[in-house]
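A short worksheet on the structure shown next.
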Amino acid sequence: MEQQYNFKKIEPRWQKVWKDSGIFHVTEDESKKKFYCLEMFPYPSGKLHMGHVRNYSIGDVLSRYLNMNGYNVLHPIGFDSFGLPAENAAIKNGSHPAVWTSSNIAEMENQLKQLGFSYDWDRECCTYTEEYYKWMQWIFIQFWNKGLAYKKENPVNWCPSCATVLANEQVVEGCCERCKTQVTKKNLSQWYLKITDYADRLLADLDKLTGWPEKVKTMQRNWIGKSEGYEVTFELKDGDLPMTVYTTRVDTIYGVTFMVISPEHPWVEQLIKGSEYEDACRKYMEEAKHLNDIERTSLTKEKTGQFTGRYVINPANGKEVPLYLADYVLMGYGTGIVMGVPFGDQRDFDFATKFGLDIIPVIDPHLPEVDINNLKAAFIAEGTMINSGKYDGMNNVEAIKAIGDDFVNRGIGKKTTNFKLRDWLISRQRYWGTPIPMINCPDCGWVPEKEENLPIILPTDVEFTGKGESPIATSKTFVDTACPCCGKPAKREVDTMDTFLDSSWYFLRYCDARNSEKAWDKKKTDYWMDVDQYIGGVEHAIMHLLYARFFTKVLYDLDLVHVDEPFKNLLTQGMVLKDGSKMSKSLGNVVSPEEIISKYGADTARLFILFAAPPEKELEWSDTGVEGSYKFLNRVYRLVYEMSEQIKGIPCKYIPEGKDDKQLAYILNNTVKRVTEDIGKRFNFNTALSAIMELVNEMYRYKELDDVNMGLLADATDKLVRMLSPFAPHICEEMWEGLGHTESIYGVEWPVCDESMLVKDCVEIVVQLNGKVRGKMEVAAGMDKNAFQELVMASDIVKQLTEGKEIVKIIAVPGKLVNIVVRG
RNA sequence: GCAGGUAUGGCGGAAUUGGCAGACGCGCACGGUUCAGGUCCGUGUGAAAGCAAUUUCAUGGAGGUUCGACUCCUCUUACCUGCACCA
């Protein structure tokens with residue numbers, strides 16, 4: 001151990017030791033309790049950013065801590081390496097996406113190794129490799145065989161100038177990001193996975209996930225969006241199309257004054273044909289193609305619509321109401337047709353106001369402040385039915401069932417459950433993704449490729465122009481094939497899969513990453529799954545986590561895994577900010593991990609990022625804060641260096657004698673207790689580090705005293721280095737060696753708190769007068785309430801405080817406080 | 001817009017079960033060390049009033065519950081995240 005802390009020498013040295021000894025490689029070991037610690041794998045965008053450093057530092061502290069607690073810890077890493085940016089880079093530079101991706105991966109692997117994370121690199125998985133996407137294709141075929149994959153038409157963002165499909169991200173203010181042409185919609189036949197078949201289970205099983213943050217579960221519940229209601233069929237005047245609406249508020253049906261149909265509803269064509277409003281309707285439909293769902297459903301956007309010239313008949317009262325096209329009705333939810341009740345729905349209210357339609361009150365809340373005949377906004381509350389024929393006078397909640405049941409009996413209603421969740425559109429008209437292993441045969445239709453022919457390899461004779469439907473279609477070798485069923489000429493699917501599929505099962509592949517015979521051996525997932533702790537950005541709270549849960553449930557039903565939920569505990573980490581906003585190149589407020597590592601070392605970077613904020617919270621980057629962490633490591637290093645000379649050969653045994661011995665022994669053991677709880681139970685690494693800092697401060701004070709107990713100092717030094725090692729592993733290895741140990745600190749036992757050192761005979765308590773602190777006193781610990789209260793009330797402090805005042809009430813909390821309520 | 005979240009000194013944050021608001025760190029000030037600067041060691045540091053003891057105010061804002069509220073309830077403001085083809 002050198003006198004000076006030199007991270008530039010220490011860090012590469014220990015990284016090499018770890019690599020050469022293979023210390024982070026794990027195998028299934030039935031004799032040990034397993035722990036699967038997983039961090040969301042990165043997209044290889046180029047270099048690591050601070051969000052990655054934060055995510056992986058959290059995971060590394062946990063992994064190292066659990067390893068020291070005797071667990072067999074699986075801690076893998078990989079790269080989510082298919083996706084749009086690689087393809088954009090290829091279009092821009094005329095290179096191949098694989099070149100861009102693999103050089104990024106190499107760079108990021110290097111950075112991860114420089115940070116000293118305890119990954120089992122032998123299990124590394126990259127989704128763009130043939131050995132990974134082979135099994136992705138195999139899994140897709142299992143979904144197909146189970147009837148969970150299908151093809152359906154769906155409108156996509158379409159740039160007419162590039163003649164290509166655009167991702168939402170590529171649409172900027174309604175225009176193509178490359179050529180600025182206004183984006184429109186185009187119908188394409190697309191692959192879907194039937195996630196809606198699992199909607200009920202995905203919702204119900206959220207209750208099982210006790211280790212998930214409540215906020216994430218709430219977000220998932222809202223996303224799945226289960227609602228109970230009725231489908232009611234209105235009759236079309238002069239036509240025979242059943243105009244079926246979905247409503248959760250069938251009690252308001254007497255307040256229907258119009259009906260709205262989504263502009264992309266397939267029936268619109270025949271509804272408007274020949275009408276005097278036909279041209280106006282077509283124009284409106286064209287305009288609707290330029291807006292996205294968020295804009296369309298915005299409550300603040302002025303409502304637009306177009307009368308179709310048609311009328312429908314309300315089955316409740318036989319009234320005719322006009323039928324409009326309006327973009328606030330989405331084709332993707334319910335039936336694509338909505339009954340307009342301006343009284344009870346704000347969107348309908350806005351629409352009716354704009355188009356001069358009637359507003360009929362149908363519920364009277366009996367509130368004097370509400371004039372239901374002259375509303376300024378839609379009214380939503382419980383009340384008594386009015387203007388509703390035979391239901392008048394009934395409570396509106398009861399009326400839902402009564403009216404609904406009547407429609408069911410009349411054969412024009414159906415009780416239904418609706419989900420906001422839609423089936424998962426997985427096809428992408430892109431190159432850089434897993435090819436969908438399906439073949440279209442003129443005779444057999446869509447058939448999957450034979451399993452023995454997997455993987456279907458991405459062709460390399462492809463042009464990247466940014467134009468056309470899918471780059472794969474430009475390959476001369478890929479498309480034409482033979483039907484796996486009948487052998488006749490057939491064509492391959494040229495679309496690739498959404499990269500969210502790749503990331504929906506990678507945690508299973510890590511369990512058996514090098515298996516070339518199977519996606520994974522069930523014996524291995526039986527041992528390692530489920531993931532004990534999953535850590536990642538809160539921005540993935542809905543989609544990725546829902547898709548991974550869906551996959552796990554399907555694979556469970558196929559008997560390929562033994563768990564039906566993948567992630568037992570979830571930690572969602574906050575973002576890293578600089579000057580109050582997200583670090584981004586456009587804002588120019590990026591601090592690169594590289595910079596910090598070269599200036600202060602990996603240990604400082606890790607320490608700062610864990611100390612600056614608790615993991616779930618946003619973290620404000622501070623350059624001076626980093627310096628503080630660096631100073632702290634130096635302070636620890638100097639202390640341990642000095643101690644290593646003095647405590648050589650002295651056992652970590654002590655009997656505290658004076659006040660100072662007792663104080664250090666108390667702080668030492670209390671620190672062990674606090675740090676253990678903060679890491680293991682609360683994941684509050686910032687307070688764990690505060691506690692360690694307090695211990696260091698106390699050791700600095702104690703060691704300068706005249707009469708010190710060397711056994712106590714030896715124990716404090718030993719425990720200090722152990723406790724700090726998950727946070728700053730390199731410097732701790734160095735100090736551990738300096739203390740005379742020959743084994744790596746990775747895997748030595750986590751220190752244990754000696755409870756006998758925490759027993760105090762005196763506690764300081766607070767005396768309050770009317771809830772305000774007025775004095776403090778020392779009392780013996782462990783008194784019962786009556787004795788405690790009597791003792792305190794008899795004290796001089798209390799006598800002084802209450803002199804000449806009438807005592808109204810006394811609240812005594814033993815060992816904590818006495819609050820005296822007085823008058824006068 | 002919808003959904004979810006956050007708000008505490010000059011700054012990052014602490015307060016684990018409703019019980020001493022501001023632990024720990026940064027910054028700042030002063031002192032020591034040093035030729036000097038840096039490093040390092042130490043002391044102080046929410047605001048206002050006061051020589052002081054001490055008192056009053058203070059956890060985005062407005063109310064409420066309670067002996068007692070950063071913590072619970074109602075309303076409100078600002079900001080952050082997601083919104084289904086970015087990953």
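Naming convention: chains lettered A, B, ... in sequence-line order (proteins, then strands); numbering from 1 in each chain. From a predicted model like this one, the values you see are computed outputs, not experimental measurements.
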- Message: Would you say A:Asn697 places a side-chain N or O within less than 4.0 Å of OP1 or OP2 belonging to B:G25?
- Response: yes
- Identity of whatever pairs with B:A78 - Watson-Crick or G-U, under 3.5 angstrom: B:U6
- Message: Roughly how many Å apart are B:U71 and B:U8, using the C1' atom of each and rounding to a whole number?
- Response: 12 Å
- Message: Rounding to an integer number of angstrom, what distance separates B:U43 and B:C24 when you compare their P atoms?
- Response: 11 Å
- When the distance from OH of A:Tyr192 to P of B:A84 is rounded to whole Å, what number comes out? 13 Å
- Presence of A:Thr499 side-chain N/O under 4.0 Å of B:A87 phosphate oxygens OP1/OP2: yes
- Message: Strictly by Watson-Crick or wobble contacts shorter than 3.5 Å, is anything paired with B:C30, and which nucleotide is it?
- Response: B:G42
- Note on the structure: Closest to the side chain of A:Asn686, out of B:C85, B:G13, B:U56, is B:G13
- Message: The side chain of A:Pro614 is closest to which nucleotide in this list: B:A23, B:C83, B:G13?
- Response: B:G13
- Pairwise P distance, B:G82 and B:U76 [rounded to whole Å]: 25 Å
- Message: Determine whether a donor-acceptor pair (one donor, one acceptor, N or O, separation below 3.5 Å) exists between the side chain of A:Glu627 and the base of B:C26.
- Response: no
- Task: Please check the phosphate of B:A21 (OP1 and OP2 only) for any side-chain N or O of A:Lys772 closer than 4.0 Å.
- Result: no
- Winner on side-chain proximity to A:Lys617, out of B:G13, B:A87, B:C57, is B:G13
- Task: Could you give the distance separating B:U56 and B:U39 at their C1' atoms, to the nearest angstrom?
- Result: 43 Å
- Task: Would you indicate, yes or no, if B:C24 has its OP1 or OP2 atom less than 4.0 angstrom from a side-chain nitrogen or oxygen of A:Arg674?
- Result: no
- Query: When you measure from the side chain of A:Tyr43, which nucleotide among B:C40, B:C80, B:A87 comes out closest?
  - Reply: B:A87
- Of all the choices, B:C85, B:G25, B:U81, which nucleotide is nearest to the side chain of A:Met693 once you look at every atom? B:G25
- Query: Whole-Å distance between B:G1 C1' and A:Asn222 CG?
  - Reply: 15 Å
- Query: Watson-Crick or G-U wobble partner for B:A52, using a 3.5 Å limit on both distances?
  - Reply: none
- Query: Can you tell me how far C1' of B:C20 sits from NZ of A:Lys816, to the nearest Å?
  - Reply: 11 Å
- Does B:G9 fall in syn (glycosidic angle within 90° of 0) or anti? syn
- Message: Check this for me: does any side-chain nitrogen of one of A:Arg296 and A:Glu264 sit under 4.0 Å from a carboxylate oxygen of the other?
- Response: yes
- For B:G25, the Watson-Crick or wobble partner whose two distances fall under 3.5 Å: B:C11
- Whole-Å distance between B:C20 C1' and A:Glu778 CD? 14 Å
- Item | Span that lies between the P atom of B:U16 and that of B:A21, in whole angstrom | 14 Å
- Item | A:Asp678/A:Arg682 salt bridge by N-O under 4.0 Å criterion | yes
- Nearest-angstrom distance, P atom, B:C67 to B:A53: 34 Å
- Side chain of A:Glu539 - closest among B:C20, B:C85, B:G82: B:G82
- For B:U59, give its Watson-Crick or G-U wobble partner with both distances under 3.5 Å, or none. none
- Item | Nearest-Å distance for atom pair CE/P, residues A:Met543 and B:G82 | 12 Å
- Ring centroid separation A:Tyr133 to A:Phe82 under 6.0 Å: yes
- Message: If you apply the rule ring pair (Phe, Tyr, Trp, His ring centres under 6.0 Å), what do you find for A:Tyr600 with A:Phe7, and how did you get there?
- Response: CA-CA 8 Å; A:Tyr600 301 102; A:Phe7 65 86; 7.8 Å; no
- Message: Tell me if the centroids of the rings in A:Tyr132 and A:Trp505 come within less than 6.0 Å of each other.
- Response: yes
- Query: Charged N to carboxylate O below 4.0 Å: is that the case for A:Lys92 and A:Glu87?
  - Reply: no
- Query: Between A:Tyr547 and A:Trp424, does the ring centroid distance fall short of 6.0 Å?
  - Reply: yes
- Query: Is the phosphate of B:G1, meaning OP1 or OP2, less than 4.0 Å from a side-chain N or O of A:Arg347?
  - Reply: no
- Listed nucleotide nearest any side-chain atom of A:Lys631, set B:A84, B:C26, B:U55: B:C26
- Note on the structure: The nucleotide from B:G4, B:A15, B:A84 with an atom nearest the side chain of A:Lys420 is B:A84
- With both distances under 3.5 angstrom, what nucleotide forms a Watson-Crick or G-U wobble pair with B:G19? B:C67
- May I ask you to check whether A:Tyr506 and A:Phe41 place their ring centers less than 6.0 Å from one another? yes
- Item | Side-chain (A:Gln346) to main-chain (A:Ala378) donor-acceptor, under 3.5 angstrom | yes
- Message: The side chain of A:Glu694 is closest to which nucleotide in this list: B:A87, B:C85, B:A23?
- Response: B:A23
- Rounded interatomic separation in angstrom, taking CD from A:Glu806 and P from B:C67: 16 Å
Short N/O separations, protein against nucleotides 10-12 of chain B, under 3.5 angstrom:
from  : atom 1 : to       : atom 2 : distance (Å)
B:G12 : O2'    : A:Ala612 : O      : 2.6

- Interatomic distance at C1', B:U33 relative to B:A69, whole Å: 48 Å
- Note on the structure: When rounded to whole Å, the OH to C1' distance for the pair A:Tyr700 and B:C24 reads 17 Å
- Identity of whatever pairs with B:G1 - Watson-Crick or G-U, under 3.5 angstrom: B:C83
- Report yes if a side-chain nitrogen or oxygen of A:Arg428 is closer than 4.0 Å to either non-bridging phosphate oxygen (OP1 or OP2) of B:C85; otherwise report no. yes
- Task: Just say parallel, tilted or perpendicular for the rings of A:Tyr56 and A:His52, cut-offs at 30° and 60°.
- Result: parallel
- Task: Kindly point out which of B:C20, B:A84, B:A87 is positioned nearest to the side chain of A:Leu421?
- Result: B:A84
- For A:Asn168 and B:C85, what is the distance between atoms CG and P respectively, to the nearest whole Å? 7 Å
- Does the gap between the ring centers of A:Tyr431 and A:Phe464 come in under 6.0 Å? yes
